[in-house]
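Note sheet for the following structure.
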Amino acid sequence: MPLDDKILELEEKMKKLFLGGGEKAIAKQKSSGKLTARERIVAILDEGSFHEYDIFVEHSCNDFGMQDKEFAGDGVIIGTGTVHGKPIAIFAQDFTVAGGSLGFMHASKITKIMDYALNMQIPLIGINDSGGARIQEGVNALAGYGEIFYRNTLASGVIPQISVILGPCAGGAVYSPALTDFVFVVDNISKMFITGSEVIKTVLGEEISMEELGGAKVHSELTGNAHFFAESEQQCFEQIRALIAMIPQNNREKAEAVAPVKPGKKYKISEVVPTDPTVPYDVRQVIHTLVDKGEFIEVMEKFAGNIVIGFGRINGETVGFVANQPLVLAGVLDCDSSDKAARFIRYCDSFNIPIVTLEDLPGYLPGIDQEHAGVIRHGAKMLYAYSEATVPKITVILRKAYGGGYIAMNSRHLRADFVFAWPNAEIAVMGPEGAANIIFRKDILEAEDPAKMREQKIQEYKDKFANPYVAAAKGYIDAVITPEDTLKNIAHALSVSKNKSVIRPEKKHGIPPF
Ligand code: HXC
């Protein structure tokens with residue numbers, strides 16, 4: 001056959017394969033408000049940059065009449081491309097082909113692109129839209145998942161791994177996204193659960209919709225499984241592109257620096273934080289005044305709002321922020337906020353991103369609920385993550401730093417490189433009211449006017465400890481600075497820590513309180 005005819009033959013084959021599960025299945029996909037797998041890849045990557053591999057792969061199952069079935073590309077598309085000109089590996093499950101179910105060859109395609117990503121040291125994006133393990137393939141499908149989970153773990157902390165849930169992600173399939181760094185979900189489209197509604201109905205007799213069980217809001221607000229929530233697929237793709245611009249390609253590189261831009265002007269730092277330590281404010285407004293253009297990519301915005309985490313740039317360079325949020329639960333640390341912050345600190349540390357900590361908290365949340373939920377174990381994750389991190393670590397105490405919160409929020413004792421405090425900062429074992437009630441209990445009880453005595457003792461305690469100078473006298477704080485000088489001090493600290501190098505005892509790995 002002449003080459004021209006062979007090219008025509010190739011084009012015909014490709015045309016058929018591009019149709020995935022066929023026009024009817026594509027129409028069904030569209031009618032449920034979803035894009036096709038190929039459209040999703042094209043929308044995320046730079047225009048014209050996608051190169052697809054393994055389009056001719058066929059499934060390898062001969063049971064349950066499968067030998068007569070053709071599954072285009074075995075229900076998953078893999079390839080490489082670029083985002084902002086930087087190389088990326090990507091896969092997208094194609095729900096129009098056998099419900100995007102994962103058979104042995106489907107899994108082999110995913111593991112092939114995962115191996116490329118790891119070998120080439122480039123980020124991996126995985127788009128999940130699948131009914132889970134292909135039921136007809138039995139243990140071969142389960143083996144496929146195991147191979148994926150193993151690679152997710154090997155790649156963890158080496159290359160960024162991004163999961164996008166754009167349809168069902170059912171059964172054991174959820175564990176690949178759970179092992180990756182960032183999970184993106186879209187309202188009304190993403191559904192993530194271990195056990196589906198049908199099984200729950202059979203086993204427990206309960207009627208529950210997939211949305212209630214594991215929709216986008218559930219995972220962004222309640223479970224903490226998702227890191228980014230979007231209203232539409234298009235918004236989700238923009239979020240992914242913005243995140244990739246902020247982070248490095250692998251753990252041997254630093255995030256790409258861009259031209260510095262002036263920080264946000266919407267708020268004045270000295271006016272954001274009220275001097276009364278009991279009055280709440282939105283710490284995101286403080287961050288706005290510190291980062292270039294006021295642009296801040298908040299991670300897990302809707303989960304454990306008492307701590308704010310995310311990325312911004314200072315003088316054109318990426319920084320990770322960890323900030324108590326006085327607007328929610330007075331900014332206390334609890335089980336969820338500790339988990340949220342600890343994981344983010346480890347991400348920043350793995351990928352050479354300096355951490356700026358903004359501190360204003362009354363301590364860990366007291367109460368039986370938290371104690372029984374394991375606040376000791378969860379809270380310890382913060383201590384572990386900060387102590388372990390060797391990237392530049394800078395803390396600014398904006399107002400309160402009480403008790404365990406003072407230590408946990410990147411104190412000098414966990415090896416902060418620089419600790420700054422505003423003049424109205426209060427550093428103490430606990431708030432003056434609580435402290436006076438305990439240590440001056442007898443004086444208050446025996447006083448002629450207990451209320452007056454209590455006030456007097458609170459003031460006494462405040463005068464002694466509710467200021468930054470006791471800590472500064474010990475060198476626990478490097479400098480007491482004005483709010484207006486905060487950015488200047490952080491920027492200088494970042495610039496002098498560029499070549500920070502810390503030697504740690506040799507070990508295989510630590511045993512964090514997972
Ligand atoms: C084989 C599957 C499939 C699967 C869907 N399909 N899931 N084929 N194995 N797991 C096929 C359907 O038969 C159908 O084929 C097509 O995909 C589209 O599915 P529909 O059911 O028509 O779509 P929809 O109504 O949108 O429902 C989607 C769904 C539902 C909610 C995902 O299909 C579903 O509940 N599937 C099973 C989910 C599940 O329990 N998976 C196994 C989990 S256990 P036709 O030919 O009719 O178009 C697991 C263990 C892994 O994953 C453990 C790893 C550690």
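Remember, it's 1-based here, ligands and their atoms both numbered in the order they're listed.
Under the 4.0 angstrom criterion, atom 47 (O) of ligand 1 counts as lacking any protein heavy-atom contact. Within the 4.0 angstrom cut-off, atom 14 (C) of ligand 1 has no protein heavy-atom neighbours. Under the 4.0 angstrom criterion, atom 22 (O) of ligand 1 counts as having a protein heavy-atom contact. Contact annotation for atom 37 (C) of ligand 1: protein present (non-hydrogen atoms, distance under 4.0 Å). Remark: atom 33 (O) of ligand 1 lies closer than 4.0 Å to no protein heavy atom.
Counting protein heavy atoms only, atom 9 (N) of ligand 1 is closest to I135 N, 3.1 Å.
Under a 3.5 Å cut-off, the side chain of K393 and the backbone N or O of L414 do form a donor-acceptor pair. Q370 places no side-chain N or O within donor-acceptor distance of the main-chain N or O of G367, the cut-off being under 3.5 Å.
With salt bridges taken as basic N to acidic carboxylate O contacts below 4.0 Å, one links D129 and K34. By the 4.0 Å N-to-carboxylate-O rule, R346 lies close enough to E388 to be salt-bridged with it. Look at K6 and E11 and you find no salt bridge, because none of the NZ, NE, NH1 or NH2 atoms lies under 4.0 Å from a carboxylate O.
Between K28 and ligand 1, at least one pair of N/O atoms sits closer than 3.5 Å.
D339 and H378 form a side-chain donor-acceptor contact under 3.5 Å, judged by distance and modelled atom types alone. Residues T111 and Y150 bring no donor and acceptor atom of their side chains to less than 3.5 Å of each other. A side-chain donor-acceptor contact under 3.5 Å links T223 and N225.
Counting the atoms of ligand 1 from 1 in the order shown, those under 4.0 Å from a heavy atom of Y145 are 51 (C), 54 (C). Near L142, the atoms of ligand 1 lying under 4.0 angstrom from a non-hydrogen atom of the residue are 50 (C), 51 (C), 53 (C). Those atoms of ligand 1 that come under 4.0 Å of a heavy atom in A170, given as number and element, are 52 (O). Interface of P168 with ligand 1, defined as ligand atoms under 4.0 Å from a residue heavy atom, comprises 32 (C).
Between the CG atom of D181 and the OG atom of S163 there is a distance of 8.5 Å, given to the nearest 0.5 Å.
Ligand 1 has at least one atom lying under 4.0 Å from a heavy atom of F149.
Among S32, G171, G99, G22, the residue whose heavy atom lies nearest to atom 17 (O) of ligand 1 is G99. Comparing A98, S130, G103 against atom 2 (C) of ligand 1, the shortest heavy-atom distance belongs to A98. Comparing G131, A141, G132, A25 by heavy-atom distance to atom 41 (N) of ligand 1, the nearest is G131. For the residues F193, F71, F95, the heavy atom positioned nearest atom 26 (O) of ligand 1 is part of F95. Taking each of G100, G172, G21, A173 in turn, the one with a heavy atom nearest to atom 53 (C) of ligand 1 proves to be G172. Ranked by closest heavy atom to atom 10 (N) of ligand 1, the top entry among G75, A133, S101, G146 is A133.
Contacts between Q136 and ligand 1 below 4.0 angstrom, taking non-hydrogen atoms only, involve the side chain exclusively. Within the 4.0 Å heavy-atom criterion, neither part of V199 lies near ligand 1.
Closest heavy-atom contact between S220 and F303: O-CB, 3.2 Å. What you find for S130 and Y145 is that their closest heavy atoms are OG-OH, 4.4 Å.
The side-chain contact (heavy atoms from CB on, under 4.5 Å) test applied to N251 returns Q121, V158, F351, not counting sequence neighbours.
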